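Working notes, beginning with the structure itself.
Residues take their numbers from the sequence shown, with the count starting at 1. The model shown is predicted, which means the values in this text are computed figures rather than measured ones. Worth knowing before you read on, the calculation uses all heavy atoms, side chains too, and leaves out hydrogens, waters and symmetry mates.
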Amino acid sequence: MTQNSPPLVLPPSLSRTVAALQDKDRNRLDDTITRLHTVNGRLWDTEDRVRGALLSAAQVADCKREIDQLNAERNLLAERADEVLGSLADAGRADVPLHTETLASVVDRLSVLTLRIWHSERAAARDELARRRVPALHGQREELCAALDALVSDVVAGRRRLPVPARFKLYGRDDAAPAEIKPSRRLRRVLAFGGLSECGKSTSAEFVQHTCGAQRFKIGFLLRQAAHREGLADPYALSPRRQAELLLGELNRFADAHVDTELFTIESVHDDASIAELKRLMGGALQIVYLDASFAIRVERSGTPAQAVAAKDEIKMSRGAHQVAALADHVIDNTGSIAALRARLRRIAAPPASTALRAATPYGLGLPAAIASATADFTDAVRAYGPGVRLAALTGSPGEGSWIAGWSDLDLLVVAEHEAIGRVHEALEQYRTALGGAASLGPTLVTPGELTARRLTPRLAFVLHQLQQGSPVLHAAPGLELPAISRGELAFAAVRELPQVILTMRRLRAEAGPTALRQLYKHLVLSCRLLLREHNQWESGPDRILAAASRMPGLTALSVPSLAEISSAWRDGEAELVLKPVAMAVDQLLTWYAVQLAA
């Protein structure tokens, strides 16, 4: 409905009867009647438009199509209203008089009469005939309200029956009712960004595109594409419902053609009515994100005069852009740091989920008794801190069952609230003291906010993936939410991590002394593991990783002693016996890698 259009006020008896309905039915009826009145208002405006100013043939055709669409929607909404209103009727005697129309038909007439009075009152100042009609129209409304109240009383009391509400309108279709467009099963999730000028819509959509692999669209582009396909001159002249159908049709078409796309973004949402209709069509698959910022901040960010921003705001607000906030699933206060904005966007675009993790005691990880005991004491200590510590796990070789005394580190992951980190430090110091040099402890401390905002290093992402695949944890708080890490993400993370691993391996190779053996071997294994991920191969355990890497195209087989031989030589102080074959394997891999990138 146009701005400042009159509300529809139901007569008192009908209002009281509706108020007695169950909440679900009452809310459904309120929404349907409100939409029916809105459609009638838009139908009035469209009919005025086609009768008014000179229009081209294409614009007249658009208006006629919109009138048909609005009439179809009007009848559908009336039928939906009758589904609820019909439940008010007494289902007793079948011989009572039959009324000529349904309750929704009378409500529809009351809606049109309300609009007629409003338009006549606006015209009265310049049209004498309209001025004289106003009292008569008010009299008609009083009579219609009294008749509707009497009909409601008779229907509820069983003194009158209502006809079957189905209208069977065709509006040029071959079927009995217009088919409602539905989201494609391949259209999984859509984020719609709204807000006033310079609020951060495009920045946000671009960030989600680059970090989450979303397909990004402008709403105007989709509407123009749909209009071209449908032969429409001006899609913005169509009803909000029809615009929403056109948008959904284009999104469906793209999703069906690009089946691997998991997420779409659309911007900029400036029309509250059409996005509300799109939400009704898509339900939870559409998430509306409204970005809010003060006028002063938006002017500062724009780098343009305040008058320019205000002028753009005025245009957007005339379309209902500011009212999108009331419809939004997420309202973001974008007056703070870019870090805060991006954290919120990542949680929306890739929401964390509760994860079923496999718990194990330190004694079940194959650790020596003294190390298992120290680990158990640490676990008891952090568990006693309550919800401040969300997770504790030994990662890497303990989780894979390949931990070797004197060779392997104890890589520890702790997820704790920032306020609890100090207490975790104390527990870690006690843990190191209890280990007594029997193992080197390598803790990673991260907050829940960092995880859910997906501020992850590639190695941390891999650890989370391993935990979700069944690697054991020592402690997990109830309701713990973790970001879901896919293999595809890890493959892309490997591309980012591998350069640093290669550079570090070259530095270690230059040292070439026995003391570098352990780190050199571990970086050789890690680089092979990352290369295999890029080939979608997911081996675990150093021996299997090196064997699989030897089969990569163009790489000569790596002749490396087994992990057991290397770790034994290291513990026995005979690192120089295995250093040469490890260094030769590193040279082979670095040569191969250089050739691959130079090709």
Side-chain angles (χ1 to χ4, degrees), residues 183-195 200-217 251 254-255 258-267 269 279 282-291 328-334 336-357 390-391 413 415 417 444 446-469 471 476-477 479-497 533 536 538:
S184 165
R185 63 183 179 85
R186 296 188 178 94
L187 186 62
R188 299 173 182 88
R189 297 185 66 230
V190 177
L191 299 183
F193 288 101
K201 299 183 294 295
S202 297
T203 299
S204 298
E206 184 177 15
F207 175 75
V208 172
Q209 178 188 31
H210 290 159
T211 58
C212 301
Q215 180 64 50
R216 181 183 173 194
F217 289 111
L251 289 169
F254 193 92
H258 301 80
V259 296
D260 293 331
T261 303
E262 298 280 344
L263 179 65
F264 295 83
T265 66
I266 55 176
E267 54 180 295
V269 181
K279 182 71 172 178
M282 295 187 63
L286 173 67
Q287 296 281 292
I288 303 172
V289 182
Y290 186 86
L291 292 134
D329 300 280
H330 312 275
V331 176
I332 298 179
D333 178 6
N334 190 21
S337 69
I338 192 69
L341 171 64
R342 289 176 172 177
R344 184 75 184 275
L345 291 172
R346 289 301 294 264
R347 293 187 185 99
I348 294 170
S354 296
T355 306
L357 300 174
R390 309 292 290 159
L391 180 141
L413 171 65
V415 180
E417 300 290 351
T444 297
V446 61
T447 66
E450 290 172 272
L451 293 185
T452 56
R454 301 180 79 90
R455 290 291 184 124
L456 312 174
T457 65
R459 295 193 190 190
L460 181 53
F462 179 67
V463 166
L464 294 175
H465 177 77
Q466 293 293 83
L467 295 180
Q468 291 162 356
Q469 296 301 307
S471 291
L480 175 66
E481 290 189 333
L482 297 176
I485 308 296
S486 68
R487 284 191 171 187
E489 289 178 82
L490 293 181
F492 283 114
V495 176
R496 298 195 303 273
E497 184 180 10
R533 283 187 208 166
N536 198 30
W538 300 83

Quiz item: Is E481 paired with R390 through a side-chain N to carboxylate O contact shorter than 4.0 Å?
Solution: no
Quiz item: Where is the tightest heavy-atom contact between Q209 and A214, given as atom of each residue plus distance?
Solution: CG-O, 3.4 Å
Quiz item: Taking the six-membered ring for Trp, are W538 and H465 parallel (under 30°), tilted (30 to 60°) or perpendicular (over 60°)?
Solution: tilted
Practice problem: Enter the distance from R455:CZ to T447:OG1 here, rounded to the nearest 0.5 Å. | Solution: 11.0 Å
Quiz item: Under 3.5 Å, is there a donor-acceptor pair between the side chain of K279 and the main chain of L286?
Solution: yes
Quiz item: Shortest non-hydrogen contact from Q287 to D329?
Solution: CA-OD2, 3.3 Å
Quiz prompt | Neighbour count above 12 (heavy atom, 6.0 Å) for F254 CZ | solution = yes
Self-check item: Step-by-step side chain to side chain contact (heavy atoms under 4.5 Å, CB included) determination, R346 to C212
Solution: CA-CA 8 Å; R346 289 301 294 264; C212 301; 3.8 Å; yes
Quiz prompt | Reported CZ-to-OG1 distance for the pair R496 and T457, which is rounded to 0.5 angstrom | solution = 9.5 Å
Quiz item: Between the main-chain N or O of A494 and the side-chain N or O of E497, is there a donor-acceptor pair closer than 3.5 Å?
Solution: no
Quiz item: Would you say the side-chain atoms of R216 and T265 include a donor-acceptor pair closer than 3.5 Å?
Solution: no
Quiz item: Is a side-chain donor-acceptor pair under 3.5 Å present for T203 with E206?
Solution: no
Practice problem: May I ask you to say whether E262 pairs ionically with R189, meaning some side-chain N is under 4.0 Å from a carboxylate O? | Solution: no
Exercise. List the steps and the verdict of side-chain hydrogen bond (donor to acceptor under 3.5 Å, both in side chains) for Q215 and H258.
Key: CA-CA 10 Å; Q215 180 64 50; H258 301 80; over 6 Å; no
Quiz prompt | From CG (L191) to CZ (F264), nearest 0.5 Å | solution = 11.5 Å
Exercise. Report yes if the side chains of L480 and T355 come closer than 4.5 Å at any heavy-atom pair, otherwise no.
Key: no
Quiz item: Hey, are the side chains of I338 and F207 touching, using non-hydrogen atoms and a 4.5 Å cut-off?
Solution: no
Quiz item: Below 4.5 Å, heavy atoms only, C-beta onward: do I348 and I332 meet side chain to side chain?
Solution: yes
Quiz prompt | Rounded distance [0.5 Å steps], CD1 in I288 versus CZ in F193 | solution = 12.0 Å
Quiz prompt | V446 and L456, any side-chain heavy atoms less than 4.5 Å apart | solution = no
Practice problem: Measure the CZ-CG distance between R454 and L482 for me, rounded to the nearest 0.5 Å. | Solution: 10.5 Å
Exercise. Specify the closest pair of heavy atoms between V331 and R344, including all atoms of both residues, with the distance to one decimal.
Key: O-NH1, 3.5 Å
Practice problem: Can you measure from NZ (K201) to CD1 (I266) and round to the nearest 0.5 angstrom? | Solution: 13.0 Å
Quiz item: Are side-chain heavy atoms of V269 and Y290 found at a separation under 4.5 Å?
Solution: no
Quiz item: When you look at I485 and F462, which way does the side chain to side chain contact (heavy atoms under 4.5 Å, CB included) test go after all the steps?
Solution: CA-CA 8 Å; I485 308 296; F462 179 67; over 6 Å; no
Self-check item: Side-chain (Q468) to main-chain (P483) donor-acceptor, under 3.5 angstrom
Solution: yes
Quiz item: Do R533 and E489 sit within salt-bridge range, that is, some charged N less than 4.0 Å from a carboxylate O?
Solution: no
Quiz item: What are the two closest heavy atoms between P448 and E417, and how far apart are they?
Solution: CG-OE2, 3.6 Å
Practice problem: Heavy atoms only: give me the nearest S202-E267 pair and the separation to one decimal. | Solution: OG-OE1, 3.0 Å
Quiz item: Hey, mind stepping through S204 and V289 against side chain to side chain contact (heavy atoms under 4.5 Å, CB included) and telling me if it holds?
Solution: CA-CA 10 Å; S204 298; V289 182; over 6 Å; no
Quiz item: Run the side chain to side chain contact (heavy atoms under 4.5 Å, CB included) check on L460 and L451 step by step: do they pass?
Solution: CA-CA 9 Å; L460 181 53; L451 293 185; 4.1 Å; yes
Quiz prompt | Test item: N334 side-chain N/O and L291 main-chain N/O as donor-acceptor pair under 3.5 Å | solution = no
